Amino acid sequence: HELESTLKDKKIKVSGKAHLRGDIGNWQEDAVDGLVNLNRVSYGNLDAEHITADFSYKNRRLNIAEMLFMTCGGKIKVTEADIDFTDQQWSGVVDVSHLELESLVRSLNTTISKSPSGIIHGNVSLKGRGLAFGALSGQGEAKVSRGRLYDFPLLMSVFNVLNLKVPRHSPVTDAYG
């Protein structure tokens with residue numbers, strides 16, 4: 001099946017299958033369990049393939065036991081995801097492997113002139129409220145290898161805070177944090 005919609009001036013396209021289970025005898029109580037197996041999802045310039053997710057939705061709360069998908073040359077696995085639509089709080093664990101940093105940055109921000117590059121691996125536990133960066137917290141680790149990281153804003157911020165000069169003659173190609 002295929003679905004196409006628009007959210008905040010960005011096109012969303014979805015193709016694949018969804019299996020839903022619920023009690024059709026009581027539509028006032030919105031409780032649904034399901035399994036999603038999608039071939040492809042696109043949101044703006046970001047594309048994902050081979051998406052699988054097992055989920056349940058009840059009392060305006062979405063729980064995703066595990067979601068797996070391929071994007072930007074790598075694989076992302078989301079576990080323990082919990083989204084409360086009443087107060088917009090969310091949490092989850094994200095495992096990333098072989099993700100191409102340049103593809104990710106360019107798909108999220110098409111106005112960037114020089115994009116950092118490299119391969120990202122990592123595991124991060126995150127929680128937040130809505131899309132507000134000020135309410136975002138988490139912990140984990142990430143590693144970028146075989147990269148070009150001079151144009152990575154986070155790396156430049158670290159150098160500035162520590163009052164260090166960026167080594168221009170030796171390229172920064174690997175980072176771990």
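Quick caveat, the model's predicted, so the values are computed rather than measured. Because only heavy atoms are used, hydrogens play no part in the values below, and waters and symmetry mates are left out as well, while side chains stay in.
Residues S91 and K127 come closest through the heavy atom pair CB-CB, 3.8 Å. Of all heavy-atom pairs between I51 and F69, the closest is CG1-CB, 3.4 Å. Shortest non-hydrogen contact noted between S97 and H121 is CA-ND1, 3.7 Å. Nearest heavy atoms, E2 versus S15: CG-CB, 3.8 Å.
Summarising the local packing, NE2 of H1 is surrounded by 12 or fewer heavy atoms from other residues, nucleotides or ligands at distances under 6.0 Å. Taking a 6.0 Å sphere around CD of Q88, one finds it holds 12 or fewer heavy atoms contributed by other residues, nucleotides or ligands.
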Review point. Do I12 and T6 pass the side-chain contact (heavy atoms from CB on, under 4.5 Å) test, and can you show the C-alpha distance, the side-chain angles, and the key distance before you say yes or no?
Key: CA-CA 6 Å; I12 299 172; T6 303; over 6 Å; no

Practice item. Mind running side-chain contact (heavy atoms from CB on, under 4.5 Å) on T71 and L99 for me, showing each step along the way? Key: CA-CA 7 Å; T71 188; L99 195 68; 3.9 Å; yes

Review point. Would D87 and R129 satisfy side-chain contact (heavy atoms from CB on, under 4.5 Å), going step by step from the backbone distance to the final call?
Key: CA-CA 8 Å; D87 62 5; R129 174 168 275 187; 3.8 Å; yes

Practice item. Take N63 and S56, measure what side-chain contact (heavy atoms from CB on, under 4.5 Å) needs, and give me the verdict at the end. Key: CA-CA 5 Å; N63 295 98; S56 64; 3.7 Å; yes

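When the side chains of ILVMFWY residues are joined at heavy-atom separations under 4.5 Å, either directly or via intervening members, V93 and V96 end up in two distinct hydrophobic clusters. L35 and V14 sit in two unconnected hydrophobic clusters of ILVMFWY residues. Membership requires side-chain heavy atoms under 4.5 Å apart, directly or through other members. Residues V94 and L68 are members of separate hydrophobic clusters, defined by side-chain heavy-atom contacts under 4.5 angstrom among Ile, Leu, Val, Met, Phe, Trp and Tyr. Transitive grouping of hydrophobic side chains (ILVMFWY, heavy atoms separated by less than 4.5 Å) brings Y43 and L38 into a common cluster. By the criterion of side-chain heavy atoms lying less than 4.5 angstrom apart, applied directly or through intervening Ile, Leu, Val, Met, Phe, Trp or Tyr residues, Y57 is grouped together with V78 in one hydrophobic cluster.
Using a 4.5 Å heavy-atom threshold, the side chains of E66 and D54 count as separate. Side-chain contact between D33 and F55 is absent, with no heavy atoms from C-beta onward closer than 4.5 Å. Residues F85 and N59 fail the side-chain proximity criterion, which asks for heavy atoms closer than 4.5 Å.
Salt bridge status for K11 with E4: present, with a side-chain N to carboxylate O gap under 4.0 Å. Salt bridge D82/R61: present, at least one basic N to carboxylate O contact under 4.0 Å.
How far CD1 of I83 is from CD1 of I64: 5.0 Å, rounded to the nearest 0.5 Å. In this structure, the separation between CG on L104 and CG on L46 is 7.0 Å, given to the nearest 0.5 Å. Here S42 contributes atom OG and K13 contributes atom NZ; the two are 5.5 Å apart, rounded to the nearest 0.5 Å. Taking CD1 of I120 as the reference point, atom NE2 of H98 lies at 12.5 Å (rounded to 0.5 Å). Here S125 contributes atom OG and E80 contributes atom CD; the two are 7.5 Å apart, rounded to the nearest 0.5 Å. The CG atom of L101 lies 8.5 Å from the CD1 atom of I119; values are rounded to the nearest 0.5 Å.
For residues 88-103, the salt bridge (Lys or Arg N to Asp or Glu O under 4.0 Å) pairs, not counting sequence neighbours, are E102-R106.
Not a single donor-acceptor pair under 3.5 Å links the side chain of W90 to the backbone N or O of D84.
Qualifying ring-ring contact (aromatic ring centres under 6.0 Å, His included) partners for H50, counting only residues two or more places apart in sequence or in other chains: none.
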